[in-house]
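For reference, the structure is listed below as structure tokens.
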Amino acid sequence: MKKTIVKDQNEYFKAPLATKYQSTAGSQEKIDPELLSGYLKQLDENGYFIIENMISREQCQEIKQTALALFEHESGRNNFEGFKTQRLYATFEKTLICNDLVDDPLVLNVLDELFHPNYLLSQLQIINILPGEAQQPLHHDDAFYDIPRPRKPLGAATIFAIDDFTETNGATTIIPGSHKWGNEQPLPNNDPRQIPVIMPAGSMLFFSGTLWHGGGANQSDNARMCVTAQYCDSWLRPQENYSLSISKATVKQCSEHIQRMLGYSIHPPFLGFVNGMHPKRLLED
């Protein structure tokens with residue numbers, strides 16, 4: 001057994017104590033540095049950026065048909081979930097069709113700049129807003145981490161448009177610049193600073209966990225579907241308990257990046273260990 005000697009607490013907290021399973025954080029395909037810098041600038045200034053044509057129309061249709069066959073309920077349990085909104089939870093255990101969206105190299109490159117290595121996936125959902133749905137209450141996604149604002153985001157999220165996002169079909173609404181707010185709150189009824197995110201199917205909205213946003217009201221005759229993945233820093237508790245919601249057999253089918261973000265990773269020196277060892281040992285036959 002290899003033995004490691006560290007000099008003090010600071011060195012101990014940074015020491016790569018795992019020997020068999022070294023971290024693969026940051027090993028995804030790199031993107032053009034100028035592009036990355038531009039996305040980060042938009043994120044810093046506005047709290048979000050949008051990229052069109054992230055996935056094809058054919059992939060959107062495949063996701064849509066798969067999700068429609070898996071939804072179990074026609075409505076949510078409260079007005080935040082949406083009384084006329086369908087949500088697919090524990091998505092990985094039901095289908096792997098969204099995996100390429102979760103570990104998209106562009107997304108991972110941006111996340112690498114925001115969080116510590118071995119950041120985690122907080123949740124993955126497919127959301128279908130049905131006709132007649134009211135606007136979701138405005139919120140910011142990392143609000144449940146009770147740390148005063150203004151501050152750096154503790155989470156970030158993507159929303160992939162599976163249908164076109166329009167002004168009338170429930171497009172996500174955002175308040176640009178609100179990621180920099182302190183204790184300020186949106187106005188209670190239809191804050192005039194909010195704008196709809198109009199984008200064609202296949203587009204991606206990336207936004208900070210501190211950006212105020214919400215699902216829009218669907219005043220059209222058609223449903224509006226999206227896939228959303230939320231991520232959090234490596235020392236925070238994710239929203240979905242993936243150690244219970246996803247079987248090891250399913251995890252084995254996922255990429256190295258997704259396995260890492262599902263918690264089969266270590267935040268140095270030892271956060272996330274199982275029986276004193278690296279959690280990836282659980283995936284060994």
Side-chain angles (χ1 to χ4, degrees), residues 28-29 31 39 48-76 81-110 121-133 135-136 156-174 196-207 213-231 240 245-246 250-251 253-255 257-258 261-262:
Q28 74 280 347
E29 178 185 350
I31 66 171
Y39 297 143
Y48 72 97
F49 62 85
I50 298 169
I51 303 177
E52 296 187 1
N53 301 313
M54 279 288 288
I55 59 176
S56 68
R57 291 269 178 172
E58 291 74 21
Q59 190 173 359
C60 288
Q61 283 303 308
E62 187 178 0
I63 292 172
K64 185 171 186 176
Q65 294 308 313
T66 299
L68 289 174
L70 292 171
F71 287 127
E72 298 177 357
H73 305 286
E74 287 295 321
S75 64
E81 280 191 325
F83 292 125
K84 293 185 178 180
T85 296
Q86 297 173 300
R87 293 176 181 263
L88 188 70
Y89 295 111
T91 305
F92 290 107
E93 196 64 21
K94 298 166 184 174
T95 176
L96 301 179
I97 200 167
C98 299
N99 283 32
D100 289 346
L101 282 59
V102 175
D103 65 359
D104 183 274
L106 189 155
V107 173
L108 299 187
N109 273 272
V110 175
L121 183 68
S122 188
Q123 68 159 307
L124 172 66
Q125 290 185 49
I126 303 178
I127 302 174
N128 197 36
I129 297 181
L130 303 176
E133 179 62 279
Q135 179 169 337
Q136 184 186 39
T158 60
I159 293 178
F160 284 83
I162 304 305
D163 294 308
D164 293 337
F165 276 35
T166 72
E167 290 190 23
T168 59
N169 75 350
T172 300
T173 64
I174 58 174
V197 178
I198 307 303
M199 56 184 180
S203 303
M204 180 192 74
L205 166 70
F206 187 108
F207 58 99
H213 69 284
N218 190 345
Q219 301 169 333
S220 74
D221 296 326
N222 300 300
R224 189 278 283 163
M225 186 180 293
C226 73
V227 175
T228 180
Q230 293 188 28
Y231 308 83
E240 183 164 355
S245 68
I246 302 179
T250 298
V251 174
Q253 299 177 63
C254 295
S255 70
H257 298 302
I258 290 178
M261 292 188 288
L262 290 176

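No hydrogens, no waters, no symmetry mates; every other heavy atom, side chains included, goes into these values. Being a predicted model, the structure only gives us computed values, none of them experimental.
Heavy atoms from other residues, nucleotides or ligands lying under 6.0 Å from CD of Glu167 number 12 at most.
Annotation: side chain of Pro200 is in contact with side chain of Glu52 (closest heavy-atom distance under 4.5 Å). Thr158 is not listed as a side-chain neighbour of Val227, based on a closest heavy-atom distance of 4.5 Å or more. Within the 4.5 Å cutoff, the side chain of Leu96 has heavy atoms near those of the Thr250 side chain. You'll find the side chain of Phe92 stays beyond 4.5 Å of the side chain of Val251, heavy atoms only. Two residues are said to be in side-chain contact when any heavy atoms from C-beta on lie closer than 4.5 Å; Phe160 and Val102 fail this criterion. Using a 4.5 Å heavy-atom threshold, the side chains of Thr172 and Phe165 count as touching.
The two residues Leu108 and Asp103 make their nearest non-hydrogen contact at CD1-O, 3.6 Å. Between Asn109 and Glu29, the shortest heavy-atom contact is ND2-O, 2.9 Å. The nearest pair of heavy atoms linking Gln135 to Gly215 is CG-O, 3.3 Å. When all heavy atoms of Ala223 and Asn218 are compared, the pair lying nearest together is CA-ND2, 4.0 Å. A pairwise comparison of heavy atoms in Phe49 and Tyr39 identifies CD2-O, 3.5 Å as the closest pair.
To the nearest 0.5 Å, the span separating CG on Leu121 from SG on Cys254 amounts to 10.0 Å. The SG atom of Cys226 sits 9.5 Å away from atom CG of Leu205, with the distance rounded to the nearest 0.5 Å. Atoms OG1 and CG, on Thr168 and Asp221 in that order, are 9.0 Å from each other to the nearest 0.5 Å. Of the inter-residue distances, the one linking Glu72 atom CD with Lys94 atom NZ reads 5.0 Å to the nearest 0.5 angstrom. The CD atom of Gln125 lies 8.0 Å from the CD atom of Glu81; values are rounded to the nearest 0.5 Å. One distance of note links OG of Ser255 with CD1 of Ile258; it measures 4.0 Å at 0.5 Å rounding.
Checking side-chain atoms of Asp164 against main-chain N and O of Thr166 turns up no donor-acceptor pair under 3.5 Å. Side chain of Asn169 to backbone of Gly216: no donor-acceptor contact under 3.5 angstrom is found.
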When the side chains of residues 126-133 are checked against the rest of the protein, which donor-acceptor pairs come out under 3.5 Å, sequence neighbours left out?
| residue | atom | partner | partner atom | Å |
| --- | --- | --- | --- | --- |
| Asn128 | ND2 | Gln86 | OE1 | 2.9 |
| Glu133 | OE2 | Phe83 | N | 3.2 |
| Glu133 | OE2 | Lys84 | N | 2.8 |
| Glu133 | OE2 | Thr85 | N | 3.3 |
| Glu133 | OE2 | Thr85 | OG1 | 2.6 |

Table please: side-chain donor-acceptor pairs of residues 61-71 below 3.5 Å, with sequence neighbours left out.
| residue | atom | partner | partner atom | Å |
| --- | --- | --- | --- | --- |
| Lys64 | NZ | Asp163 | OD1 | 2.8 |
| Thr66 | OG1 | Glu62 | O | 2.8 |

side-chain contact (heavy atoms from CB on, under 4.5 Å) between Phe207 and Ile174, intermediate numbers included: CA-CA 9 Å; Phe207 58 99; Ile174 58 174; 5.8 Å; no
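Applying side-chain contact (heavy atoms from CB on, under 4.5 Å) to Met204 and the options Ile50, Asn53, Leu101, Val107 leaves one that passes, Val107.
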